[in-house]
Trainee: 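Sharing a structure with you now.
Note that the coordinates shown come from a computational prediction; the quantities given were computed from them, not determined experimentally. For this chain, numbers begin at 1 and follow the sequence in order.
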Amino acid sequence: MTDEHEHTVTTAPPVDWDAQAARFDAEPDHGLRDPEVRAAWGARLRSWLPGHPADVLDLGCGTGSLSLLAAGQGHRVTAVDLSPAMVERARAKLAGRPAEVLCGPAEAPPVGRLRFDVVLVRHVLWTLPDPARALRHWRELLRPHGRFVLVEGVWGTLHPVGIPAGRLTALLAPLAADVRVERLSGDPVLWGKEVTDERYAVVAAV
């Protein structure tokens, strides 16, 4: 991978997420309907999140699948998505759990003065027009000794879109004291299929 690619972020074309909501969970890694896929994500999440009950901010939560796993592991979750249709499904999925679901943009979540132990973001940062600015704002939402848990990647071959791990770690360098990259492409159970593109998680403590 070239240095040029490492420092390039290609953002996604606009997507009508309200229209996508009804079939969003059909993707194995979105709906986590398969017990093996759900268990694989649960194990990863348990290794990324604190070992004690924590306040988790799940940004761009979609239908709330990761929020549900986090709540099931004893964490208090605030989930945010820009799509009202996604929010409706997430609220139904999280009913009865220690979770609140809010409608708003991931880059400026409507959480007021609340602060969190974890900012959890999956496949969202690469879609934003200014990832560096979003990360700086999210850093302000973290308590001392909080952490980022960011799951991202680069998708496609002819016209790849996404954010390479090298680029994301460079953006995090001024914001976090400890940045760890965990490669996820080699674990097909997470995705419900074999994948060859770049998929990874970054856990960064502040």
Trainee: Which pair of non-hydrogen atoms, one from Glu194 and one from Pro188, has the smallest distance, and what is that distance?
Mentor: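 Scanning both residues, the minimum pair turns out to be OE2-CG, 3.8 Å.
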Trainee: Indicate yes or no: at least one non-hydrogen side-chain atom of Cys61 is less than 4.5 angstrom from one of Met86.
Mentor: no
Trainee: Same cluster or not: Leu59 versus Val202, using hydrophobic residues (I, L, V, M, F, W, Y) connected whenever any side-chain heavy atoms lie under 4.5 Å apart?
Mentor: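 Hydrophobic grouping puts Leu59 with Val202.
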Trainee: Hey, any chance Leu168 and Val179 share a hydrophobic cluster, counting ILVMFWY side chains that come within less than 4.5 Å of each other, even indirectly?
Mentor: yes
Trainee: Going through the checks in order, is the side-chain contact (heavy atoms from CB on, under 4.5 Å) test met by Leu120 and Leu45?
Mentor: CA-CA 10 Å; Leu120 170 66; Leu45 207 60; 4.2 Å; yes
Trainee: For Ala176 and Ala204, which heavy atoms make the closest approach, and how far apart are they?
Mentor: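 Taking every non-hydrogen atom into account, CB-CB, 3.8 Å.
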Trainee: Tell me if the CZ atom of Arg115 is crowded by more than 12 foreign heavy atoms within 6.0 Å.
Mentor: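 Result for CZ/Arg115: enclosed.
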Trainee: I need the Asp197 CG to Leu184 CG distance, nearest 0.5 Å.
Mentor: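 That separation rounds to 11.0 Å.
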Trainee: Taking the inter-plane angle between the rings of Trp126 and Trp155 on a 0 to 90° scale, is it parallel (under 30°), tilted (30 to 60°) or perpendicular (over 60°)?
Mentor: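 Tilted.
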Trainee: Would you please name every residue forming a side chain to side chain donor-acceptor pair (under 3.5 Å) with Asp117, sequence neighbours left out?
Mentor: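 Side chain to side chain donor-acceptor pair (under 3.5 Å) check on Asp117 returns Arg143.
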Trainee: Working to the nearest 0.5 angstrom, can you tell me the gap between Leu171 CG and Arg133 CZ?
Mentor: 14.5 Å
Trainee: Considering all heavy atoms of both residues, which atom of Gly104 and which atom of Val80 are nearest to each other, and what is their separation?
Mentor: O-CG1, 3.4 Å
Trainee: As an exercise, state the distance from OG1 of Thr78 to CD of Glu100, rounded to the nearest 0.5 Å.
Mentor: 5.5 Å
Trainee: Looking only at atom types and distance, does a side-chain atom of Glu152 sit under 3.5 Å from a main-chain N or O of Val124, one as donor and one as acceptor?
Mentor: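 Looks like yes, one N/O pair under 3.5 Å.
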Trainee: Would the distance check show the side chain of Arg147 and the main-chain N or O of Val118 forming a donor-acceptor pair, the cut-off being under 3.5 Å?
Mentor: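 Checked: no pair found.
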Trainee: Could you walk me through whether Phe148 and Leu125 satisfy the side-chain contact (heavy atoms from CB on, under 4.5 Å) test, starting with their C-alpha distance in whole Å, then the side-chain angles of each, then the deciding distance to 0.1 Å, before giving a yes or no?
Mentor: CA-CA 12 Å; Phe148 292 100; Leu125 187 65; over 6 Å; no
Trainee: Is it the case that the side chain of Arg139 and the backbone of Leu175 share a donor-acceptor pair, with hydrogens and angles ignored and the cut-off at 3.5 Å?
Mentor: yes
Trainee: Going from CD on Glu107 to CH2 on Trp138, what distance comes out if it is rounded to the nearest 0.5 angstrom?
Mentor: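 Atom-to-atom, Glu107:CD and Trp138:CH2 are 8.0 Å apart.
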Trainee: Among residues at least two apart in sequence or on other chains, which ones pass side chain to side chain donor-acceptor pair (under 3.5 Å) with Arg183?
Mentor: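 Per chain and number, Arg183 pairs via side chain to side chain donor-acceptor pair (under 3.5 Å) with Glu198.
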Trainee: Under the side-chain contact (heavy atoms from CB on, under 4.5 Å) criterion, do Val195 and Lys193 qualify, and how do the steps go?
Mentor: CA-CA 6 Å; Val195 299; Lys193 60 184 178 182; 4.2 Å; yes
Trainee: Does Val189 offer a backbone N or O that forms a donor-acceptor pair with the side chain of Glu36 under 3.5 Å?
Mentor: no
Trainee: Looking at Ile163 and Tyr200, what are the two nearest heavy atoms and their distance?
Mentor: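 Closest heavy-atom pair between Ile163 and Tyr200: O-OH, 2.6 Å.
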Trainee: Under the criterion side chain to side chain contact (heavy atoms under 4.5 Å, CB included), which of Lys93, His30, Glu88 is the partner of Thr63?
Mentor: Lys93
Trainee: Go through the structure and list residues passing side chain to side chain donor-acceptor pair (under 3.5 Å) with Glu182, not counting sequence neighbours.
Mentor: Arg44, Trp48, Arg180
Trainee: Is Arg91 reaching over with its side chain to a backbone N or O of Val101, donor-acceptor style, under 3.5 angstrom?
Mentor: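 Yes, because the side chain of Arg91 sits within donor-acceptor range (under 3.5 Å) of the backbone of Val101.
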Trainee: Is it true that Val206 and Leu57 fall in one hydrophobic cluster, defined by side-chain heavy atoms closer than 4.5 Å?
Mentor: yes
Trainee: Any chance you could measure Leu49, atom CG, to Gln73, atom CD, to the nearest 0.5 Å?
Mentor: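 Reported value, rounded in 0.5 Å steps: 6.0 Å.
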Trainee: For Asp81 versus Gly60, what's the shortest heavy-atom pair and its separation?
Mentor: OD2-C, 3.3 Å
Trainee: Which heavy-atom pair separates Ala54 from His75 by the least distance, and what is that distance?
Mentor: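 Heavy atoms only, the tightest pair is N-ND1, 3.1 Å.
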Trainee: In Å, rounded to the nearest 0.5 Å, how long is the span from CG of Leu142 to NE2 of His137?
Mentor: 10.5 Å
Trainee: Side-chain contact test, heavy atoms from C-beta onward, threshold under 4.5 Å: evaluate it for Leu66 versus Arg122 and give yes or no.
Mentor: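 Answer yes - side chains close enough.
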Trainee: For Leu172 and Leu150, run side-chain contact (heavy atoms from CB on, under 4.5 Å): C-alpha distance rounded to whole Å, both residues' side-chain angles, the deciding distance at 0.1 Å, then the answer.
Mentor: CA-CA 11 Å; Leu172 284 167; Leu150 309 173; 4.0 Å; yes
Trainee: Should Phe116 and Leu94 be regarded as members of a common hydrophobic cluster, given that ILVMFWY residues are connected when their side-chain heavy atoms come within less than 4.5 Å of each other, either directly or indirectly?
Mentor: no
Trainee: Are Leu102 and Leu68 connected in the hydrophobic side-chain network, where two residues link if heavy atoms are under 4.5 Å apart?
Mentor: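 No, Leu102 and Leu68 fall in different hydrophobic clusters.
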Trainee: Can any side-chain N or O of Ser185 pair as donor or acceptor with the backbone N or O of Arg199 at less than 3.5 Å?
Mentor: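 Between the backbone of Arg199 and the side chain of Ser185 there is a qualifying donor-acceptor contact (under 3.5 Å).
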